[in-house]
Amino acid sequence: MNPDFEPEVLEFRDRLEKEAEEGGYHLNPDREMTLMLAEGLLVNRKRYGYLLCPCRMGEGVMERDLDIICPCDYRDADLDEYGQCYCALYVSREVLEGKREIKGQIPERRPEPEELERKREESRAKARAGRESMPLWRCKVCGYLAARGNPPEVCPICKAGRERFEQFSLGGDGPPVPLWRCKVCGYLAARGNPPEVCPICKAGRERFEQFPL
Amino acid sequence: MFEEYLEMVEGEEGKHDLILFALSTCGWCRKARSFLDENKLPYRYVYVDLLEGDSQKEVFEEVKRRNPRKTFPTLVIDNEEVIAGFNEDKYREALL
């Protein structure tokens, strides 16, 4: 089976790869898999108006599907734990270099809707309780932080849209997500684990330290 | 009944009755279908994302009943065993 892909699919896949590499991410070396997924993403964009995850069933309402717009909020945690994202569109460097094998689909990390809503409310409450003199915005996809009136139109690190940002606070009893600092260039990101590669200076994960508050 | 939405794929003699709930956009679902096709296993499948309104709800309820995490692909074997997600080793072990 070797399906032919439309030129727009080939083009879109190449764009995804370029953007991934620029941000320190990698597409799956299984080219046919990434083409199938790129095709699925384009179908979803036509169908829903946004890049809904091709391997998940969305509700078709952008506000409710925000966390599963590709790249999803769960990609980086899945890359850390399994070396692949839920769809296996993205993989870790280990997988790219053939040092780790992809055996099949990984478990779903996305919480059930009620749990998701509870977490959203929790982080909104934390942000409201913060003492920042200016709103601090966090990209939920990659952990990028920016202190400014409103979130940027597009995350400069991972290209996620403005709607993927949440207000964030360092104050009170500490941030809800750990803060990581690149010891080489000082880049800061709020995320579960440090990124594989610093998106700014390309230093490896081992050059990050948890930033004390 | 959700069965009316299933498409039949013919194969060689089938040891099992197989129903695959899938999404038309999903890479793992395509891999699952390829596995069944390459091994000439007969099966029925439905692309849940291509259904609309009440028919989609009805089929999705069935997926939920079989696999509470509602993930795709969901393979139901002989109306009994369920394999959630595609994993070639698991498919091989259960089906060949």
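Heavy-atom basis, side chains included; hydrogens, waters and symmetry copies ignored. Bear in mind that the values here come from a model prediction, so they are computed numbers and not experimental data.
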Within a 6.0 Å radius of atom [atom1] on [X], are there more than 12 heavy atoms belonging to other residues, nucleotides or ligands?
X        : atom1 : result
A:Lys202 : NZ    : yes
A:Arg207 : CZ    : no
A:Glu6   : CD    : no
A:Glu21  : CD    : yes
A:Glu121 : CD    : yes
A:Arg64  : CZ    : no
A:Glu115 : CD    : yes
B:Glu3   : CD    : yes

Best-contacting candidate, B:Arg69, B:Lys90, B:Glu88, against chain A by heavy atom pairs under 4.5 angstrom: B:Arg69

Sub-4.5 Å side-chain heavy-atom contact between A:Gln105 and B:Asn87: no

Is any side-chain heavy atom of B:Arg30 less than 4.5 Å from a side-chain heavy atom of A:Glu39? yes

ring-ring contact (aromatic ring centres under 6.0 Å, His included) pairs touching residues 67-89 of chain B, sequence neighbours excluded, are B:Phe86-B:Tyr91

Whatever's closer than 4.5 Å to a heavy atom in chain A on B:Lys70 counts as side chain

Interface moiety of A:Asn28 toward chain B, non-hydrogen atoms closer than 4.5 Å: neither

Within residues 40-54 of chain B, the residues sitting under 4.5 Å from chain A by heavy atom, in sequence order, are B:Val48, B:Asp49, B:Leu50

Gap between atom OG1 of B:Thr25 and atom CG of A:Leu37 - 0.5 Å precision: 8.5 Å

Inter-residue atom distance A:Asn44.CG - B:Ser24.OG, 0.5 Å rounding: 7.5 Å

Does A:Ile106 offer a backbone N or O that forms a donor-acceptor pair with the side chain of B:Trp28 under 3.5 Å? no

Chain B contacts, top residue of A:Pro54, A:Ala88, A:Pro107 (heavy-atom pairs, under 4.5 Å): A:Pro54

Given side chain to side chain contact (heavy atoms under 4.5 Å, CB included), test B:Gln56 with A:Met57 step by step and report yes or no. CA-CA 11 Å; B:Gln56 187 179 70; A:Met57 182 85 174; 3.3 Å; yes

